[in-house]
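Since we're looking at a predicted model, the values are computed, not measured. Here is the naming used below: chain letters follow the sequence lines, and residue numbers restart at 1 for every chain.
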Amino acid sequence: MKEKVFIFVALPYANGPLHLGHIAGAYLPYDAFRRFMILTGREVVSASGSDEHGTPITIKAMQEGISPKEIATKFHNVNSDIFKRMNIEFNAFIETSSDLHKMVVKDFITKLIDKGYIYEGNMIQPFCPHDNMFLPDRYVKGKCPKCGYENARGDQCENCGATLEPSELINPVCILDGYTPEFRETKHLFFKLSSFQEDMEKFISERKYWRDNVLKYSRNFISQGLKDRPITRDLDWGVDIPFPGYERKKIYVWFEALIGYITGTVQALNDYNGALEHWKDKKIRHYYFMGKDNIPFHSIIWPAMLMAEGEYTLPYYVAANEYLNFQGEKFSKSGGVGISMPKLLESYNSEYIRFGVFYNLPEGHDSDFSLEEFQNKVNSELIDKFGNFVNRALILSFKKGKINRDQIAQSQRDTEAEKFMRDSLKSIINNMENVNIREAFKVWLELARYSNIYITERKPWEACKKDDANCLASIYTSMKIVFTLAVSGQIFLPETSRKLLSWLGYNEPVMLHEDLDYPVAHVLQKPEKLFEKIMSKSLNVSLKVARVMDVMDHPNAEKLYLLDLDLGEEKRRIISGIKDSYTRDALVNKKIVIVSNLKPAVIRGEKSNGMLLAAEEDGKVHLVLAPEEAIPGSEIKIGDYNIINEEISIEEFKRHEIVTYEKDGDIIPALHENNSFIPLTINGKNLTIDGKVSKGIRIK
RNA sequence: AGCGGGGUGGGGUAGCCAGGAAAUCCCGACGGGCUCAUAACCCGUAGACCGGUGGUUCAAAUCCACUCCCCGCUACCA
C-alpha cells in the first residue's frame, strides 16, 4: 500500500498579486517537494488557498469602491493563474470565503468550545466613530508615551521598540482618516493558548530534525510564555461565529486561515468525513511550507489548536524559508521594489524562472535575486552546461542509433562516470527526503557539469571512428546520465524533463528511485534545442518623450514648477525644481524626457507623476531633449535593452547611472554601465542636452 | 531599541551548525585544447592573509569573547 502524505503551503493573502519572493519562499520549494513525493511513490494530498478575509482587504475594497469579495476573487484568480503558469500544482486551492471553509471552521471551533479551550473575555479596542468600525491596533497611531516619538503605532513604537496598547498613545488618531478613536470595551472569544505551554515545549523538543531557523524562532516564542489569543474581531467580512451574542463579529483571520488546511483536504478528497478520518490517521506525515514570518503560526499556534481539537495529526515537518531579496532590497509591491510575477512571466520562460529560484533558494538564509545574475546563471549554467551536455549526448546517440545494454562493455572511465551518476542520484533523493531542496538542486546541476568533462574525455566522436566498443559504451553511458538528469529533473524543471523523456521514448512520468533502469539508449527523433538563450537584457526604466503643455508655480514651494505634460494618449503633471534655470516661456512646447514608471510622489502637497531628466552643472540645469519630430509618449530606447515598465522607486532609478557622454563631438545622454556608455535614442536618433555641458555629468 | 541575515580572489557565491592537508562554483582577465555540441565544451594561469582584535586547540573561514561595517523586518506583504 502506498504511503500517504499531506503537504500544505501557507495561504497567500488575497490583497495583491504574488511576487517572486513569495514564490521562492514557499510555493516553489513546496512544488518541488510535492513532485518528489509523487515521483517516489507516495500518495500525496496537497492544499493551499486564498486567505480572503480580514481588515486589509475590507479597507482596500473601501478605497476602490467595490466589495471585499470582489477584491478577494480578483487576486484569487490572479494568483491561481500565476501558479498555473509556473507549473506549481495543488490538489486543492481553496478560498476562505467559500461555504465549505465556513462549515469546516464552524465545526472546528464548536469542538474547541465544547472542550473548553475557548472562553469569553473583554478587551478595550480602538473604535473610529467616523469610519464606524473597530480598528486593528496598528491602524492607530500617536505619540509614544515612552520616548515621545510622534508616529508610534498602536501595537509598537518604531522608534524605541516599546510594545504598546493603542490606549496608551498620546493623541491617538485613526490612520485611515485622522479622526480620534474612542476606546470601547468589546467582548471577544479567546483561545487558551497558555494551557499548552508544556505540551508545546515537549512538541518542539521532539522535533530536532527541523531546520534551525524554525527551531530558534519557536523556542524563542515559547520561552516568552504562551498567551491566550483573541480569535474574534469586530468586523463584518469573515467567518461567522457559532456562539450567541456574536452575531456582529467574525472569526479573526489568523485562526480561521489555518483551518484552511483541513478545508483543503476535504476539497481535495471531495469527502468531508473521509478527509477528517485521514486527519486522525497518525501514520500520515504532514508537511508545511511557508516564509519565515509565518513560523510561529505553524510551529506553535496551529499545533496547539490541533492539540485542543484532540484527534488530529500534528505537523511532522515545518519548512520555513528565509527571504529572497530583489537586488539587495526586500521585495515590496508598494515600495516599487522587484517585479511582479505577471511581468516576469511576460519576459521569461517559467522554466528559467524556476531554475533561477532554485539556484538561489533562500533556504538557510536570505538570498538575493538580480535580473543580471539570473540571466547569467540561466545562460551559463542551465543552457551552456546542462543544455549543452544533453544536446551533445542526444545528437551522438541519435546518429548512432539504438544501443542495447547487452551490446556494450564499459571502460573504467565509464564505470567511474556511472558511479558519480548513481551517487548524485542517491544524494538528490536523500536531500529531497530531508527537505534540503537547494542542496538537491545543486547536486543535480553538478552532475550536468561533471558530464561535460566526462564526455570530453571519452571523445565518442573519435572513438566511433576507430572501434565500436568505446564508441557504444561512452554514448550509452552518456545517455544514461541524460536519462538520470531527466528523471530527477522532473522535480525542478517539469517541462524540460517531460520534453527530454519524450525524446527518449518515455511519454509518461518516470518514477524516481535509486536503481533507475535504462536498458536501451534510443533517441527517437532528431533532438531540437532544449533552450533558447536569454539574449536581451532587461532594464526596469521607462523613459518617455513628453511635450510641455503648461507651466505653473508650485503653490507651496518657491523653487518648484508644476509641469503639465502631453504624453500622447496620456496627460500628466510632474513637479520639477528648475525654476532657476528655465523661465515658463522657455519651457512651454519643449520636448523633454521623463522617467514614466516612477512611483508617484507627493512633494509639498502636490502630486508628481514622474521626473524629468536633466544634467546639472555649476548650479545650472540642462534639460535632456528629444528631437523635434519625436512623438510625445513614445519610449526611449537604451541600447538593446528590453524595457520593463513596472513602477519603481526613485532609489532604484538612481542606481542606473545616466550621464552626459561625448560621441562624435556631441554631448549626449547615455547609460553608463560596466565601463561602457549606451546612448539613449529614439527612432535611431540620439537625445540631446539643452545648452553647453561638460561630459561625464550625472543626469537625474 | 528589539529580532533576523550577512561581511570569503575584480563581481556574485559555496563551505561555517558536526574545526584538519591544496577554500567551491558561475561571471570576468590571460594562455592553450577540442570540434560531438546552442559563439558551446574541456584544460591551465593570475587573483582571497576567509571584516577587525583577542582567545580555545596540535590544528580555526569554521568554535568562544569583544569590536567595526552592511542589509532586512518590527506598515498591507514570505
With a 6.0 Å cut-off (strictly less than), is the heavy-atom count around CG of A/D81, excluding the residue itself, greater than 12? yes
Tell me whether the side-chain N/O atoms of A/H365 come closer than 4.0 Å to OP1 or OP2 in B/rA14. yes
For the residue pair A/N79 and A/P17, what are the closest heavy atoms and their distance? OD1-CA, 3.5 Å
Would you find a donor on one side and an acceptor on the other, under 3.5 Å apart, between the side chain of A/N325 and the backbone of A/D368? no
Starting the side chain at C-beta, find the nucleotide from B/rC77, B/rC76, B/rG11 nearest to A/H19. B/rC77
Taking atom C1' in both B/rG72 and B/rA61, compute the distance separating them and give it to the nearest angstrom. 24 Å
For B/rG10, give the paired nucleotide (Watson-Crick: N1-N3 plus N6-O4 or O6-N4; G-U: N1-O2 and O6-N3; both under 3.5 Å), or none. B/rC27
Which part of the nucleic acid, if any, lies within reach of A/G16 when heavy atoms closer than 4.0 Å are counted: base, sugar-phosphate only, or nothing? nothing
So if I take every side-chain heavy atom of A/K292 and compare against B/rU35, B/rG4, B/rA40, which nucleotide ends up nearest? B/rG4
Under 4.0 Å: is that the gap between some side-chain N or O of A/R392 and OP1 or OP2 of B/rC42? no
Going by the side-chain hydrogen bond (donor to acceptor under 3.5 Å, both in side chains) test, name the single residue among A/E70, A/E64, A/K69 that passes it with A/S67. A/E70
Would you kindly compare A/A26 and A/K465 by the position of their nearest RNA chain B nucleotide and give the one closer to the 5′ end? A/K465
For A/K533 and B/rA40, is the shortest distance between a side-chain N/O and OP1 or OP2 below 4.0 Å? yes
Judged by nearest nucleotide, the residue sitting upstream toward the 5' end of RNA chain B, A/N376 or A/G364, is A/G364
On a whole-Å scale, what distance lies between the C1' atoms belonging to B/rA40 and B/rC71? 38 Å
Classify the nucleic acid contact of A/N388 as base, sugar-phosphate or nothing, counting any heavy atom under 4.0 Å across all strands shown. base
Nearest-nucleotide pick for A/R438, side chain only, options being B/rC76, B/rC41, B/rA14: B/rA14
Considering only side-chain heavy atoms of A/D366, which listed nucleotide, B/rA37, B/rG5, B/rU13, is closest? B/rG5
Nearest-Å distance, CG (A/L396) to C1' (B/rU38)? 15 Å
Determine whether the aromatic ring centres of A/Y261 and A/Y288 lie less than 6.0 Å apart. yes
